[in-house]
Amino acid sequence: MKLTGAEILCESLLKEGVEVIFGYPGGAIMPVYDALTRYPKLRHILVRHEQGAIHAAEGYARSTGKPAVCLVTSGPGATNVVTGLADAILDSVPVVAISGQVHSHLIGGDAFQETDVVGITAMVTKHNYLIMKASEIAVSVKEAFHISGTGRPGPVVIDITKDAQFEKIEFNYPEKINLPGYNPTVKGNMHQIERAAEFINQSSKPYIFAGHGVLISHAEKELLELSEKAAIPVGTTLHGISCIKRDHPNYIGWLGMHGNLAPNKCVNKADVVIALGMRFDDRVTGRLNDYLPHATIIHVDIDPAELGKNVKVSVPIVGDVKEVLKSLLPLIKESKGRKEWFDMFKDYDKVEYEKVIRPEIYPRKGPLKMSEIVKKLSDITHGKSRIVADVGQHQMIACRYYEYKKHDSFVTSGGLGTMGFALPASIGVKVAKPNDEVWTIVGDGSFQMTMQEMATIAQENLDIKIMLLNNNFLGMVRQWQQLFFDKNYSSVSLKNPDFMKLSEGFGIPSEKVTERKDIEGAIKRARKHKGPYLIEFVVEKEQNIFPMIPQGASVDEIRIE
């Protein structure tokens with residue numbers, strides 16, 4: 001039987017195990033939407049903006065580890081996913097974005113809603129396709145999913161002309177594909193692994209930097225075994241958070257600009273650094289000239305482009321983190337412990353707790369603090385909820401004060417820092433993990449960028465709890481203006497809507513909390529409610545997030561006030 005290109009696309013997605021599509025219809029993709037009605041196994045979730053579709057797909061992909069799909073029309077539909085593509089390429093998220101395109105004979109003629117999708121997305125994807133014949137669809141889908149989900153994961157775009165969607169041909173899905181220019185290295189070079197083991201075994205102050213690659217490769221078990229066997233402290237990047245339980249004795253905190261004092265202060269005291277699936281981002285390294293001056297750096301990453309890109313590496317190892325650690329572990333000698341090395345971290349921990357943490361989570365008076373609210377959420381949920389954080393001060397608070405005890409339970413936008421990410425991403429997280437408790441932590445600025453997706457949450461009746469931390473400011477920008485621009489608050493004050501009425505308009509129950517005594521009750525009521533629920537917490541307007549490494553400063557110059 002002959003199928004249309006649109007039907008072939010649906011059949012191909014089923015062959016790849018796709019169950020959910022996040023999308024928004026339009027003229028150039030209409031044949032596919034017509035076909036979807038005949039494919040009930042493909043659940044379509046109608047978002048309210050195309051950016052919401054790709055962020056939802058990111059949340060789904062981050063929670064399943066598999067490429068997720070978003071579906072949009074041509075022109076503005078396709079350009080509205082570009083921010084999400086950039087977000088996904090920087091954060092290594094496997095997404096296949098499918099867009100409709102005008103009829104092939106109209107391409108290049110400035111037709112209605114025509115854009116050069118391949119040209120626009122080339123720099124923010126692993127690969128992209130322009131398909132003008134139905135015969136190209138099946139093999140392109142097969143290739144796209146393979147490219148997106150293997151090696152360093154990332155987004156792939158498939159742009160399909162409308163006539164290719166209508167064209168009828170025989171459907172044959174390829175069993176194999178041939179991509180001679182694409183062959184990611186999974187197994188690490190054994191000589192390099194042996195060198196790494198030698199350095200680790202001889203070290204006195206080894207230090208593991210655990211990044212997103214640990215979670216992507218599901219190497220949490222191997223990471224823990226390495227840390228325990230060789231008595232090595234583990235610090236995580238922002239995306240590495242939740243690759244090791246927060247209460248594990250070898251976990252010493254979070255690296256980076258607003259990370260913990262100890263892991264940052266001790267960086268330059270290490271003699272060997274084992275960097276696993278991380279890319280030495282500027283928010284982690286601070287000023288490069290003063291970074292790791294005495295350390296032998298062992299860097300494991302599946303993307304060879306990351307090795308030596310920002311810091312000089314002594315032992316570069318290209319490969320999947322899990323596979324490399326499996327080969328490394330038998331070569332590592334048992335350690336009796338490194339009390340003096342761990343005590344150094346503990347000394348800094350005591351300073352941070354007294355100067356920063358205790359006043360933040362146990363304030364005696366004054367306005368509500370974001371930190372005490374997130375800490376209370378962590379206590380009530382026992383650190384076992386899935387947290388989806390947006391971008392800004394509340395994001396740093398979610399990193400610092402939620403005590404993650406479930407592996408791979410933290411989702412946020414890191415590399416691009418996309419405000420508006422969390423609300424749609426939480427849709428994907430909840431759809432992927434319907435039995436898990438999902439909390440979205442957003443600021444008032446971020447919330448208003450994609451708050452139309454409240455309608456999607458309501459329509460799907462997704463049991464997502466929304467913690468809105470409202471300080472009537474673009475808080476992170478305001479903090480920088482206070483510290484580095486003489487408190488010249490330029491365009492950061494927000495006159496916000498009535499969030500309670502707004503939530504009511506979407507049909508989502510909500511409540512507003514202004515008193516400290518009401519925090520716990522509100523969280524418990526939200527948890528008890530079956531369905532979406534929003535709590536607006538009115539918080540201190542000018543709370544600052546410390547510690548902080550000023551931009552351009554060394555990690556040694558981290559500030560705690």
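Keep in mind that the numbers below use all heavy atoms, side chains included, and drop hydrogens, waters and symmetry copies. Numbers for residues simply follow the sequence, beginning at 1.
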> Might you work through the side chain to side chain contact (heavy atoms under 4.5 Å, CB included) test for Phe506 and Ile457, ending with a clear yes or no?
CA-CA 9 Å; Phe506 285 115; Ile457 292 170; over 6 Å; no

> Please state whether the rings of His529 and Tyr533 are parallel, tilted or perpendicular, taking 30° and 60° as the class boundaries.
tilted

> After noting the C-alpha distance and the side-chain angles of Asp518 and Glu511, does the key distance pass the side chain to side chain contact (heavy atoms under 4.5 Å, CB included) rule?
CA-CA 11 Å; Asp518 298 325; Glu511 61 180 289; over 6 Å; no

> Which residue pairs satisfy the salt bridge (Lys or Arg N to Asp or Glu O under 4.0 Å) criterion with at least one member in residues 22-47, sequence neighbours excluded?
Glu7-Arg38, Asp34-Arg38, Arg43-Glu460

> For residues Gln543 and Gln393, is any side-chain donor paired with an opposing acceptor at under 3.5 Å?
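Not at all, the side chains of Gln543 and Gln393 share no donor-acceptor pair under 3.5 Å.
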
> Tell me if the aromatic rings of Phe473 and Tyr489 count as close, with their centers under 6.0 Å from one another.
yes

> With Val429 as reference, evaluate Val438, Ile387, Leu462 under the side chain to side chain contact (heavy atoms under 4.5 Å, CB included) test and give the passing residue.
Val438

> Other residues, nucleotides and ligands only: do more than 12 of their heavy atoms fall within 6.0 Å of CG on Asp247?
yes

> Go through it in stages, so that I can follow the logic: the residues are Asn496 and Gln448, the test is side chain to side chain contact (heavy atoms under 4.5 Å, CB included), and I'd like the CA-CA distance, side-chain angles, deciding distance and then a yes or no.
CA-CA 9 Å; Asn496 287 323; Gln448 291 178 81; 2.6 Å; yes

> If I compare all heavy atoms of Pro547 with all of Arg400, which pair ends up nearest, and what's the gap?
CD-NH1, 3.2 Å

> Side chains of Asp87 and His55: do they bring a donor and an acceptor to under 3.5 Å?
no

> Counting neighbours of CD on Gln481 that are heavy atoms of other residues, nucleotides or ligands and sit closer than 6.0 Å, is the number greater than 12?
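Counting neighbours around CD of Gln481, more than 12 heavy atoms of other residues, nucleotides or ligands fall under 6.0 Å, so yes.
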
> Could you measure the distance from the CD1 atom of Ile158 to the CD1 atom of Ile137? Nearest 0.5 Å is fine.
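These two atoms lie 9.0 Å from each other.
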
> Can a donor-acceptor pair be found between the side chains of Glu11 and Tyr39 at a distance below 3.5 Å?
yes

> For the side chain of Ser242 and the backbone of Asp408, is there at least one donor-acceptor N/O pair under 3.5 Å apart?
yes

